[in-house]
S.K.: 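Take a look at the following structure, please.
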Amino acid sequence: MKYDFAAIETKWQKKWEQTKPYAAVTGDKRPKFYGLIEFPYPSAAGLHVGHPRPFTAMDIICRKKRMQGYNVLNPIGFDAFGLPTENFAIKNHIHPSIVTKQNIENFTRQLKMLGYGFDWDRVVDTTDPKYYHWTQWIFLQMFKHGLAYKTTMPVNWCTSCKCVLANEEVVEGVCERCGAPVIRKEKSQWMLRITKYADRLIDDLDDESLDYIERVKTQQKNWIGRSTGTEVTFKTNTEDDITVYTTRVDTLFGVTYTVISPEHPLLKKWQPLIRNWDEVAAYQAAAARKSDFERGELNHDKTGVRLSGIEVVNPANGKTVPMFVSDYVLMGYGTGIVMGVPGHDQRDWDFATKFGIPIVEVVQGGDITKEAFTLKDDTGIMVNSGFLNGMTVKEAIPAMKKYAVEQGWGHEKVNYKLRDWVFSRQRYWGEPIPMIWCEKCGWVPVPEDQLPLVLPQVESYEPTDDGESPISKMTDWVNTTCPCCGAPAKRETDTMPQWAGSSWYYLRYMDPHDDKLPVSREAEEYWGPVDWYNGGMEHTTLHLLYSRFWHKFLYDIGVVHTKEPYAKRTSHGMILGQNPHYVGNAKTEEEKQALIEKYGSQALRPAVKMSKSLGNVVNPDDVVKAYGADTMRLYIMFIGDFEKVAAWSDDAVKGCKRFLDRVWNLMDQAADGDEISEKNAPSVHKAIKKVTEDIDELKLNTAIAALMTLVNEFYANGLTKGDLEALMLLLSPFAPHMVEEMWELTGYAAKTGKMAMQMPWPEFDEGKMTASTVEMAVQVLGKLRGTVTVPVDSEQEVVVAEALKNEKVARFVEGKQIVKTILVKNKLVNLIVK
RNA sequence: GCCGGCGUGGUGGAACAGGUAGACACAGGGGACUUAAAAUCCCCCGGCAUUGCGCCAUACGGGUUCGAUUCCCGUCGCCGGUACCA
């Protein structure tokens, strides 16, 4: 009988649809396991082969957990608000809600086609008012707790599209879509005070119960960017003192100037005192015109203007130094004013060199005529620094800090790179922010019993010329009355960013139909926290940080009972496509040269990111059609180390199909006998151990290799039905459709009354894993000279005696003395001769 | 620049509390079965020497060790994140 994957997969998918073997039961007595994958954005292009990698891995983990007796929650949903859908809708003149509905239907079809064991009764869709009701509710709680506020701040403004862009939409200083320059524009925006949680977001990462891969923790910490330094106050010749922030207070004696950011409000106040005001004002205006890109990434050339008439006094030595305005000082970090220590900070060195400012050495160890000496370790000794002279930098920092505190002009200060979260988007396809502006009462929340505040239907959802959300044109909707005083008032027309809906969706899966709370206490206490969350590296900073922040807030207001949302976080690597311009494909030297000339370093890579323009996109539909879902699942796991990038290969897929064919054909060869055969016992038990452990460690590629090895053994040794039964159970999480069909055909379904996926996971017996003899390596002076077969656990004398019988070994030992013998039990013996 | 990570056959990749490098697979070669092809089954497959009994091989150069892909120091190259954060 042939392995007819198409018919088999359709048959079993239908059966699972009807019998719902993947339903999660809240409150069940079995131990719970909540396995989560990042829900997809339902794009018009459909599922990409990148999706099945994490989805299949988590599906396998969850299937094994079910067989091990766990009550498993393995949910799926759709992160459906956002720009791509809105842009698609604008281009094709279809309402975003219709586009979304179609895309979700297509994704659902594809996900079911791949045989995932999702609980389809718990699907979450972020654009469903029943869902965003609670997204809005959480926002209101944040507002009530002082975590949401509105403020004016610069945003990215596309000069051609005339609209506000998210940072991700600005690529190298121009608009991602139209290529026009992007400038900064002041706009009033809703903000979330994530900075208030900065310390907890860092410190809780070190909790022992939190199992995140190391690079994720590091990235979170770097993003928050906590640094401990000192704030130092300098007196000036004006009525205002200035304060600077520094992490190198030890270098205070090396200060030769100070710099103020062009946006600093003090400049305006000092206008009458600044003798070259015209020059300064011109510099300010020029800086404001520059995009962040010009100011930062592109151009590190230092510019600036000296403030004529302003002088400041270094509190450490009483010396008077000048002040400059320069855009290398950021208003948003520290105090917006820095002290210039050109001897020991490269940026300051560049600036001082350009403006002819003196450079003073206060830490010995470098050559400050060539570059700044910035080392912070013990190699530098303090000089030209009064009472600090002779100390190392490490000693000088606390000494100076202590002195500054005593003198009353300095104190320790912690700073963060993390800024508050810009939460407004002037776009249509997002959750309306449920706030009302009243001239008398200010910002008033929409009463909770009026939630959800449904996104109104508009005629045009294109961005408006003035940069306001398209909803602002809906005067019927915008004009309302103040819930507080009843006076005429206006609704907020900004919507939330795409990050909003994804910040708490994992909670909704626990209790998806609740209409009183985002999640009931009962469901959350049973299912929380997520036991295992896998997602892409591209989400390890923002999404992870945002959702951890929301979760901590919900913890504070008593909605959830854990401090962290996810107990364990892993990440998968991207799937790359074959590079059509790879030099390796070239037949002749000339062709090679031509490719390198045309595509540069791109031509040197065998695999690159899939893209339509390169024509290397693989569609899961095509793979499933040609080889079946089980082959697709197997291949995407076999492709390589789960955490690393991997290149798709059409050829290699065939190998996985061949393997499944070989498994299928074993049905004809299995001899009677319900037990695991004695001959195969060591192989079977080793395979059980390997597959069990590898799934837990996310090493799905070697788990599959172990199954392939087992099948090869069966072909070599023959097998019983009992051997085949063990193989079917081990393969069931990987190739569920085929295994269920085999389970039925071999009579196990009738005998047990269960599907294979409902059987207990096989247990291995350590005692049955080893044969009676073992092959050991024999080394002479550390070099392999032969192998011997000896009884398991043989003593040294036995192994050595046997080893010396080996002709080759004997030759290398001949005429020499064995001075030492190293034995690694059942593995090798190393003879040291002289 | 800074912070992570990685460099193993023609290819994807195994093996790292130091212990037979190249599991498993793809591509390639040979054979069996076929009128033939596909499919299937069996064998070979790092390099150089030789016709098996040797030498060299885990980016490169050192070190520790009986023994290093694995640990340490240095160099080169690639990938990801981040970037005038004082």
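Note that the coordinates shown come from a computational prediction; the quantities given were computed from them, not determined experimentally.
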S.K.: Under the ring pair (Phe, Tyr, Trp, His ring centres under 6.0 Å) test, which residues partner His264(A), sequence neighbours left out?
M.R.: none

S.K.: Polar-atom pairs under 3.5 Å, protein N or O versus N or O of nucleotides 56-58 of chain B: list them with distances, or write none.
M.R.:
residue: rC56(B); atom: OP2; partner: Lys783(A); partner atom: NZ; Å: 3.2

S.K.: What protein N or O atoms touch nucleotides 64-72 of chain B N or O atoms at under 3.5 angstrom, if any, and at what distances?
M.R.:
residue: rC66(B); atom: O2; partner: Asn830(A); partner atom: ND2; Å: 2.3

S.K.: Between N or O atoms, less than 3.5 Å apart, protein on one side and nucleotides 25-31 of chain B on the other: list the pairs.
M.R.:
residue: rA25(B); atom: OP1; partner: Asn712(A); partner atom: ND2; Å: 3.3
residue: rC26(B); atom: OP1; partner: Arg658(A); partner atom: NH1; Å: 2.6

S.K.: Identify whether any heavy atom of Asn701(A) sits under 4.0 Å from a base atom; if not, whether one sits that close to sugar-phosphate; answer base, sugar-phosphate or nothing.
M.R.: sugar-phosphate

S.K.: Would you say the side-chain atoms of Tyr546(A) pair up with the backbone N or O of Trp421(A), donor to acceptor, closer than 3.5 Å?
M.R.: no

S.K.: Under a 3.5 Å cutoff on both atom distances, Watson-Crick or G-U, what's the dot-bracket for RNA chain B ([ ] crossing, | other strand)?
M.R.: (((((((..(((......[....))).(((((.......))))).(((.....)))..(((((..]....))))))))))))....

S.K.: Kindly say whether Phe373(A) contributes a backbone atom to a donor-acceptor pair with the side chain of His344(A) at under 3.5 angstrom?
M.R.: yes

S.K.: Taking C-beta and beyond as the side chain, do Ser794(A) and Met776(A) meet within less than 4.5 Å on heavy atoms?
M.R.: no

S.K.: How is Ile639(A) classified with respect to the nucleic acid when contacts are heavy atoms under 4.0 Å: base, sugar-phosphate, or nothing?
M.R.: sugar-phosphate

S.K.: Which nucleotide in the set rG19(B), rC84(B), rA14(B) lies at the smallest distance from any side-chain heavy atom of Val824(A)?
M.R.: rG19(B)

S.K.: Please list each protein N or O that sits under 3.5 Å from an N or O in nucleotides 46-54 of chain B, with the distance.
M.R.:
residue: rC53(B); atom: O2'; partner: Arg811(A); partner atom: NH2; Å: 2.3

S.K.: In terms of side-chain geometry, is the basic nitrogen of Glu361(A) or Lys370(A) positioned less than 4.0 Å from the acidic oxygen of its partner?
M.R.: no

S.K.: Could you identify which residues of residues 244-258 of chain A place a heavy atom less than 4.0 Å from some atom of RNA chain B, listed by residue number, or say none?
M.R.: Tyr245(A), Thr246(A), Thr247(A)

S.K.: Taking Gln220(A) for the side chain and Thr541(A) for the main chain, is one N or O donor matched with an acceptor at less than 3.5 Å?
M.R.: yes

S.K.: Please collect all salt bridge (charged side-chain N to carboxylate O under 4.0 Å, His left out) contacts where either partner lies in residues 774-793 of chain A, sequence neighbours excluded, each pair once.
M.R.: none

S.K.: Give one of base, sugar-phosphate or nothing for Lys699(A), where a contact means two heavy atoms less than 4.0 Å apart.
M.R.: sugar-phosphate

S.K.: Which distance, rounded to the nearest 0.5 Å, do you find between the CD1 of Ile636(A) and the CG of Leu700(A)?
M.R.: 11.0 Å

S.K.: Does rG9(B) adopt a syn or an anti glycosidic conformation, taking syn as a chi angle within 90° of 0?
M.R.: syn

S.K.: Between protein and nucleotides 1-8 of chain B, map the contacts as a letter string: B base, S sugar-phosphate only, - none, heavy atoms under 4.0 Å, written 5' to 3'.
M.R.: --SS----

S.K.: Want to settle it: does Thr787(A) or Val645(A) sit nearer the 5' end of RNA chain B, counting the closest nucleotide to each?
M.R.: Val645(A)

S.K.: Side chains of Thr233(A) and Glu231(A): does their closest heavy-atom pair fall under 4.5 Å?
M.R.: no

S.K.: Could you check whether Asp641(A) gets within reach of a base, just the sugar-phosphate, or nothing at all, counting any heavy atom under 4.0 Å?
M.R.: sugar-phosphate

S.K.: Could you check whether any side-chain N or O of Trp349(A) sits under 3.5 Å from a backbone N or O of Ile368(A), counting only pairs where one atom can act as donor and the other as acceptor?
M.R.: yes

S.K.: Which pairs would a plain distance check flag for residues 249-258 of chain A, meaning a side-chain donor or acceptor within less than 3.5 Å of a matching protein atom at least two apart in sequence or in another chain?
M.R.:
residue: Asp250(A); atom: OD1; partner: Arg248(A); partner atom: NE; Å: 3.0
residue: Asp250(A); atom: OD2; partner: Arg248(A); partner atom: NE; Å: 3.3
residue: Asp250(A); atom: OD2; partner: Arg248(A); partner atom: NH2; Å: 3.0
residue: Thr251(A); atom: OG1; partner: Arg248(A); partner atom: O; Å: 2.7
residue: Thr256(A); atom: OG1; partner: Pro358(A); partner atom: O; Å: 3.0
residue: Tyr257(A); atom: OH; partner: Tyr328(A); partner atom: OH; Å: 3.0
residue: Tyr257(A); atom: OH; partner: Asp348(A); partner atom: O; Å: 3.3
residue: Thr258(A); atom: OG1; partner: Pro322(A); partner atom: O; Å: 3.4

S.K.: Any side-chain heavy atom of Leu634(A) within less than 4.5 Å of one from Asp630(A)?
M.R.: no

S.K.: For Val663(A), enumerate each residue passing the side-chain contact (heavy atoms from CB on, under 4.5 Å) test, keeping only those at least two apart in sequence or located in another chain.
M.R.: Phe659(A), Val711(A), Leu727(A), Leu731(A), Met738(A), Met742(A)

S.K.: Under 3.5 Å, which donor-acceptor pairs do the side chains of residues 222-230 of chain A form with other protein atoms, sequence neighbours left out?
M.R.:
residue: Arg226(A); atom: NH1; partner: Asp199(A); partner atom: OD1; Å: 2.5
residue: Arg226(A); atom: NH1; partner: Asp203(A); partner atom: OD1; Å: 3.4
residue: Arg226(A); atom: NH2; partner: Asp203(A); partner atom: OD1; Å: 2.8
residue: Ser227(A); atom: OG; partner: Tyr245(A); partner atom: OH; Å: 2.9
residue: Ser227(A); atom: OG; partner: Tyr333(A); partner atom: OH; Å: 3.3

S.K.: Cut-off 3.5 Å, side chains only: do Tyr212(A) and Thr540(A) have a donor facing an acceptor?
M.R.: no

S.K.: If we ignore hydrogens and angles and just use 3.5 Å, is the side chain of Gln578(A) paired with the main-chain N or O of Ala647(A) as donor and acceptor?
M.R.: no

S.K.: Can you tell which of rG81(B), rU82(B), rU20(B) lies closest to the side chain of Gln219(A)?
M.R.: rG81(B)

